[in-house]
2 protein chains.
Amino acid sequence: MAAIDQRTEELTQALRTAGVRITRQRKALLEVVAGAEDHPDAVELHRRAVEKMPGISLSTVYRTLTELEAQGVIQRLQFEGEAARFEHTETDHHDHMIDVETGEVVEFRSERIEALQAEIAAAMGYEIVRHRLELYVRRKPSGG
Amino acid sequence: MAAIDQRTEELTQALRTAGVRITRQRKALLEVVAGAEDHPDAVELHRRAVEKMPGISLSTVYRTLTELEAQGVIQRLQFEGEAARFEHTETDHHDHMIDVETGEVVEFRSERIEALQAEIAAAMGYEIVRHRLELYVRRKPSGG
DNA sequence: CTCCGTGCAAATACTTTGCACCATA
DNA sequence: TATGGTGCAAAGTATTTGCACGGAG
């Protein structure tokens with residue numbers, strides 16, 4: 001978990017530099033976010049944050065998530081009919097595949113799709129600001 | 001508008017066959033849906049339905065939209081940070097491009113992207129149930 | 001010591017639901 | 001006439017906000 005601590009420290013410094021005050025609550029949430037390998041929603045993040053900083057409120061979690069999103073530390077995901085989920089900003093952009101049976105979320109990236117999207121937008125006189133691609137999938141029978 | 005009336009009539013028959021009772025409220029909403037060339041939300045659909053059937057309630061609109069979605073007559077769209085919008089099910093599947101400045105929604109379709117998506121899912125052992133692709137775009141300066 | 005952040009509760013926005021009455025098939 | 005649909009108001013979710021107090025810089 002040393003890697004997470006280091007990542008948290010880096011984020012802390014970067015945020016402080018950006019003029020964001022690092023409170024115990026924010027520290028706790030940063031640790032949770034840096035350590036999350038899944039795609040938790042606000043309530044789940046709050047649940048985890050409470051373990052590190054008892055008493056932290058859900059409002060503070062929401063407020064901090066908004067701030068972290070603005071600072072580019074995390075990204076907000078909005079899947080069909082679900083509460084918003086969050087993920088830390090990776091080095092690379094990626095899209096999501098959601099297993100409709102299990103709810104499992106798999107990340108993927110396709111340069112070809114990215115390129116095609118830009119091409120399509122350009123052909124219609126637009127440039128892409130951001131995009132959202134979600135594949136709702138089911139595990140293949142795969143012969144047995 | 002004869003085309004819309006005919007489309008409404010077709011839908012009415014299909015729904016009746018599927019065991020869905022056609023009330024004045026549902027008739028009104030069907031007409032509105034069949035005549036909508038844009039992507040209205042529930043409140044806007046209600047506004048339009050009231051003109052055809054004064055007194056129709058928002059709850060009924062929501063309930064009917066859920067029913068129409070289940071029957072495959074319409075599709076629910078969920079863009080970022082907006083209330084759900086609805087569109088009638090076209091012959092062809094398509095994706096959406098949303099102009100972030102104006103809010104305008106443009107439909108598009110790319111066989112190549114569709115094929116790539118299926119390919120990517122297959123490579124990971126999945127088959128696609130449905131997908132969602134949204135391009136949030138901005139009009140290009142285009143040398144002006 | 002001064003703001004900015006926090007917890008709390010209330011407000012908000014969208015959507016769903018319980019219930020008594022009404023209308024379609 | 002027997003369901004199933006409707007309007008209304010109230011409840012439900014997910015998220016945001018006003019306010020007085022508290023802690024980070």
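Here is how names work: the chains are called A, B, and so on, in the same order as the sequence lines, proteins then strands, and each is numbered from 1. None of these values were measured; they are calculated from a predicted model.
To the nearest 0.5 Å, atom CG of residue B:L29 and atom CZ of residue B:R48 are 11.0 Å apart.
Using a cutoff of 4.0 Å between basic side-chain nitrogens and carboxylate oxygens, A:E111 and A:R109 are scored as salt-bridged. Taking 4.0 Å as the cut-off between side-chain N and carboxylate O, B:K52 and B:E31 count as a salt-bridged pair.
Straight-line distance from the CE atom of A:M53 to the P atom of D:dG22: 14 Å, rounded to whole Å. B:D41 places its CG atom 14 Å from the P atom of C:dA13, with the value rounded to the nearest Å. Atom-to-atom, CG of B:L68 to P of C:dT15 comes out at 15 Å; the value is rounded to the nearest Å. Distance B:K27 NZ to D:dT6 P: 14 Å, rounded to the nearest Å. Rounded to an integer number of Å, the gap from NE2 of B:H46 to C1' of D:dC8 is 12 Å. Going from atom CG of A:L15 over to atom C1' of C:dG5 covers 14 Å, rounded to whole Å. Between the CD1 atom of A:I22 and the P atom of C:dC3 there is a distance of 20 Å, rounded to whole Å. Regarding A:Q71, its CD atom lies at a distance of 11 Å from the P atom of C:dG5, rounded to whole Å.
Figure legend: cation-pi geometry between A:R130 and B:Y136, with NZ or CZ positioned under 6.0 Å from the six-membered ring centre and within 45° of its axis.
For A:S57, counting side-chain heavy atoms from C-beta on, the closest listed nucleotide (D:dT15, C:dT6, C:dG7) is C:dG7. The listed nucleotides are C:dT24, D:dC8, D:dG23; the one nearest the side chain of A:R24 is D:dG23. Of the candidate nucleotides D:dA14, C:dT6, C:dC14, D:dA14 has the atom nearest to the side chain of A:Y62. Out of C:dG7, C:dT17, D:dT15, the shortest distance to the side chain of B:R63 is found at C:dT17. Comparing C:dT24, D:dG23, D:dT6 by their nearest atom to the side chain of A:R21 picks out D:dG23.
Heavy atoms of B:S59 sit under 4.0 angstrom from at least one base atom.
Where B:L58 and A:R26 each meet DNA chain C at their nearest nucleotide, the meeting point lying more 5' is that of A:R26. Nearest-nucleotide assignment on DNA chain C puts the 5′-proximal partner with B:E82, out of B:V20 and B:E82.
One finds a side-chain N or O of A:Q25 lying less than 4.0 angstrom from the OP1 or OP2 phosphate oxygen of C:dG7. Dashed line: the shortest gap from a side-chain N or O of B:T60 to OP1 or OP2 of D:dG7 is under 4.0 Å. For A:R16, no side-chain nitrogen or oxygen approaches OP1 or OP2 of D:dA24 to under 4.0 Å.
A:E69 pairs with exactly one of A:R63, A:R76, A:R85 by the salt bridge (charged side-chain N to carboxylate O under 4.0 Å, His left out) rule, that one being A:R76.
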